[in-house]
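Below you'll find the structure, written out as structure tokens, and then a few comments.
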Amino acid sequence: MSNSQILKLFFLQYMFLVLRLPRLGFCAETDTITSNLVIKDPDTISSQGNVFKLGFFSPDNTTKNRYFGVFYSVSESTVIWVANRNNPIPDSSGSITISRNGNIVLMNGKGETVWSSNVTTSSLNASAQLLSTGNLVLRENSSGRTLWESFGYPSNAFLPSLRLTDNINTGHKVVLSSWKSPTDPEVGSFTTGLQALKVPQIFTWNGNRPHWRSGPWNGKILIGVQAMYSVYLEGFTLENDTSGIFYFTAPEGKFLMRITLSSTGSLVKTLWNRQTQNWDITWSAPRNECEVYGTCGPFGSCNPLNSPICSCLRGFEPKNSEKWGRGIWTSGCVRRKPLLCDRNNNTGGGGKEDGFLRLPFMKVPDFPEQGPSGPVEECRSLCSRNCSCIAYAHVTNLGCMFWSQDLIDIQQFSGAGEDLYIRLPSSELGTYSSVVFDNLPFNV
Ligand SMILES: *[C@@H]1O[C@H](CO)[C@@H](O)[C@H](O)[C@H]1NC(C)=O
Ligand SMILES: *[C@@H]1O[C@H](CO)[C@@H](O)[C@H](O)[C@H]1NC(C)=O
Ligand SMILES: *[C@@H]1O[C@H](CO)[C@@H](O)[C@H](O)[C@H]1NC(C)=O
Ligand SMILES: *[C@@H]1O[C@H](CO)[C@@H](O)[C@H](O)[C@H]1NC(C)=O
Ligand SMILES: *[C@@H]1O[C@H](CO)[C@@H](O)[C@H](O)[C@H]1NC(C)=O
Ligand SMILES: *[C@@H]1O[C@H](CO)[C@@H](O)[C@H](O)[C@H]1NC(C)=O
Ligand SMILES: *[C@@H]1O[C@H](CO)[C@@H](O)[C@H](O)[C@H]1NC(C)=O
């Protein structure tokens with residue numbers, strides 16, 4: 001089959017058509033909530049083109065608790081945003097409208113506010129529109145000014161045109177946050193967001209601890225995501241504005257695409273297959289133990305095809321060999337022999353006797369520092385002259401990257417990835433004195 005035939009099949013399978021489905025309850029012929037319109041459970045409103053709906057739902061396999069949110073018209077149990085995540089209504093008495101002070105308010109049967117968009121405003125006229133992207137936007141009527149939008153407070157779903165953001169001046173981030181369980185939208189322990197300071201990367205955190213890391217953005221792909229080297233991936237973008245806000249997003253496409261953060265911390269990318277009426281999983285992370293952040297500890301490297309999956313980088317040995325032998329790798333590895341160039345006191349004549357070992361096809365470690373955009377030789381000479389520098393890489397579109405902290409969250413990919421150069425004493429480089437081109441990077 002030619003590429004264009006494959007592409008055509010792909011289009012037929014995933015391109016979404018607007019379907020008119022039988023509906024329960026009342027579906028208003030509008031995409032806008034106004035102060036004159038009260039949406040009562042089980043009424044819904046639809047976005048233009050009927051891709052998304054806004055209304056009440058109970059999570060899969062539950063009947064009691066009612067939540068207000070946004071879901072797909074073709075797949076009503078697929079919820080992309082939930083308003084009252086931590087405050088369900090225990091019956092079907094809920095209703096939603098625009099309050100006198102211009103907020104979206106969700107009320108229970110007793111007229112108590114269960115959830116509100118909670119923007120502080122003086123009394124004004126506002127209305128909330130469900131856009132065709134799935135974003136619910138509250139605007140002031142007279143000026144059109146956006147007061148609040150659901151994409152600014154995502155639940156567990158990343159959609160085209162939703163932006164994960166990081167303001168490097170204030171630290172404010174827009175992140176995904178997991179559900180507590182597949183049947184409970186309460187805020188769970190995992191979040192996914194952009195960490196833009198120094199070299200931008202995407203992280204999933206479990207509380208404050210990193211759980212998964214994408215590797216740096218190189219202008220086209222996230223270099224720690226192996227699938228991105230080969231698969232067409234909707235052209236994600238990462239941009240920044242002059243006020244220090246960085247945005248990671250995907251443009252609107254022809255397919256129904258979403259990336260969901262599961263309650264166990266996995267990102268799962270799915271496309272709606274209109275032939276089978278199912279969501280096809282096209283990517284997920286972490287997919288195995290190797291992809292979990294720091295599985296092999298400092299100076300350890302992970303390869304899911306090896307057994308055991310963790311090994312020490314060449315020139316390093318397990319910090320605690322007894323634990324390491326039992327498969328507890330997180331304490332990682334330590335140098336077998338000191339560098340001539342000591343990163344704590346910069347002795348060793350600029351480390352002229354140390355060399356660099358090339359490790360091909362790698363997911364580069366965390367805590368990279370951005371260097372100049374020059375050629376790989378420049379990266380090496382800058383790193384070589386600075387005893388704090390213990391590893392470098394030269395990445396297309398990014399230029400030099402340097403590492404001065406413990407090297408952590410390293411993976412060996414197969415057939416794709418970056419060249420990572422690590423500083424080793426000459427005695428660990430065998431007969432080579434400088435850069436070694438070696439395809440057997442690890443001790444056995
Ligand atoms: C609403 O916002 C105020 C401050 O802007 C905050 O103190 C309060 O906790 C918020 N209420 C809810 C329900 O989020
Ligand atoms: C809201 O709109 C109504 C009718 O359009 C108008 O009478 C009222 O003054 C407006 N209120 C505000 C605060 O602008
Ligand atoms: C605000 O704007 C919406 C949409 O244009 C309109 O339906 C609604 O009546 C307006 N509200 C008021 C109070 O003017
Ligand atoms: C709902 O129940 C069905 C049948 O037991 C099960 O296959 C499905 O995974 C459940 N869904 C969730 C979200 O738990
Ligand atoms: C943001 O992008 C501009 C180019 O659009 C660049 O000049 C600027 O240095 C960037 N800001 C930061 C903080 O990286
Ligand atoms: C500096 O590093 C050298 C070489 O490793 C070592 O012999 C020396 O003791 C270190 N000096 C200090 C003050 O740490
Ligand atoms: C040496 O490297 C460290 C870490 O990369 C960096 O902070 C420092 O500025 C460098 N020193 C010089 C003189 O380049």
Side-chain angles (χ1 to χ4, degrees), residues 28-39 45 47-48 54 57-65 67 69 71-72 75-80 82 96-105 117 121-131 136-148 155-157 163 165-173 178-186 188 194-201 216-219 237-249 260-264 266 268 270 278-279 281 368-373 397-399 401:
E29 290 297 320
T30 175
D31 59 4
T32 303
I33 312 172
T34 66
S35 50
N36 303 320
L37 179 70
V38 178
I39 302 177
I45 65 171
S47 64
Q48 257 180 42
L54 181 66
F57 70 94
S58 292
D60 268 3
N61 300 345
T62 70
T63 51
K64 186 167 162 276
N65 285 341
Y67 296 88
F71 37 87
Y72 288 93
S75 170
E76 293 203 356
S77 65
T78 308
V79 175
I80 60 149
V82 189
I96 197 145
T97 191
I98 304 291
S99 70
R100 249 182 244 112
N101 71 2
N103 273 298
I104 310 172
V105 286
S117 53
T121 58
S122 52
S123 177
L124 52 75
N125 288 325
S127 55
Q129 187 183 16
L130 180 62
L131 304 185
L136 178 63
V137 181
L138 179 69
R139 289 198 196 91
E140 187 187 347
N141 263 20
S142 53
S143 64
R145 186 166 59 97
T146 296
L147 302 169
W148 178 93
S155 297
N156 64 351
R163 305 199 291 187
T165 70
D166 184 16
N167 182 329
I168 59 169
N169 296 320
T170 65
H172 176 76
K173 290 177 169 42
S178 64
W179 287 22
K180 199 160 189 181
S181 81
T183 56
D184 184 355
E186 189 177 328
L194 175 60
Q195 174 77 269
L197 209 56
K198 293 194 175 170
V199 183
Q201 307 185 80
W217 174 256
N218 77 351
T237 60
L238 196 149
E239 282 160 4
N240 71 305
D241 64 21
T242 47
S243 65
I245 304 178
F246 285 70
Y247 306 91
F248 182 77
T249 191
T260 308
L261 176 61
S262 79
S263 49
T264 53
S266 284
V268 182
T270 53
N278 260 313
W279 292 100
I281 296 178
E369 287 162 46
Q370 182 75 59
S373 60
N397 301 325
L398 264 184
M401 285 197 298

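Both ligands and their constituent atoms are indexed starting at 1 by order of listing. Small disclaimer: the values here were computed from a predicted structure and weren't measured. All heavy atoms count here, side chains included; hydrogens, waters and symmetry mates do not.
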Applying side-chain hydrogen bond (donor to acceptor under 3.5 Å, both in side chains), run through Asn156 and Thr260 and close with a yes or a no.
CA-CA 6 Å; Asn156 64 351; Thr260 308; 5.5 Å; no
Kindly indicate, with the supporting measurements, whether the criterion side chain to side chain contact (heavy atoms under 4.5 Å, CB included) is fulfilled by Asn141 and Ser127.
CA-CA 7 Å; Asn141 263 20; Ser127 55; 3.0 Å; yes
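Ring centers of Trp279 and Tyr72: under 6.0 Å apart, within the cut-off.
Listed by number with element, the atoms of ligand 4 under 4.0 angstrom from any heavy atom of Asp60 are 13 (C). Contact atoms of ligand 3 toward Thr34: 3 (C), 6 (C), 7 (O), 8 (C) (distance under 4.0 Å to a heavy atom of the residue). Taking every non-hydrogen atom of Asn125 and a distance limit under 4.0 Å, the qualifying atoms of ligand 3 come out as 13 (C). Those atoms of ligand 4 that come under 4.0 Å of a heavy atom in Thr183, given as number and element, are 14 (O).
For the atom pair Ile33 CD1 and Leu130 CG, the distance stands at 8.0 Å (nearest 0.5 Å).
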Short N or O separations between ligand 5 and the protein, below 3.5 Å:
| from | atom 1 | to | atom 2 | distance (Å) |
| --- | --- | --- | --- | --- |
| ligand 5 | 2 (O) | Asn240 | OD1 | 2.7 |
| ligand 5 | 2 (O) | Asn240 | ND2 | 2.6 |
| ligand 5 | 11 (N) | Asn240 | ND2 | 2.7 |

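For the 3.5 Å distance criterion, the side chains of Ser266 and Thr264 fail to qualify, holding no donor opposite an acceptor.
In this view, Thr62 satisfies the side-chain hydrogen bond (donor to acceptor under 3.5 Å, both in side chains) rule with no residue, not counting sequence neighbours.
Summarising the geometry of Pro368 relative to Met401, their closest heavy-atom pair is CB-SD, 3.9 Å, with the distance given to 0.1 Å.
Any N or O atom pair closer than 3.5 Å counts here, and Asn61 shares at least one such pair with ligand 4.
Paired with Trp217 under the rule side-chain contact (heavy atoms from CB on, under 4.5 Å), one option of Leu398, Val199, Leu238 passes, and it is Leu238.
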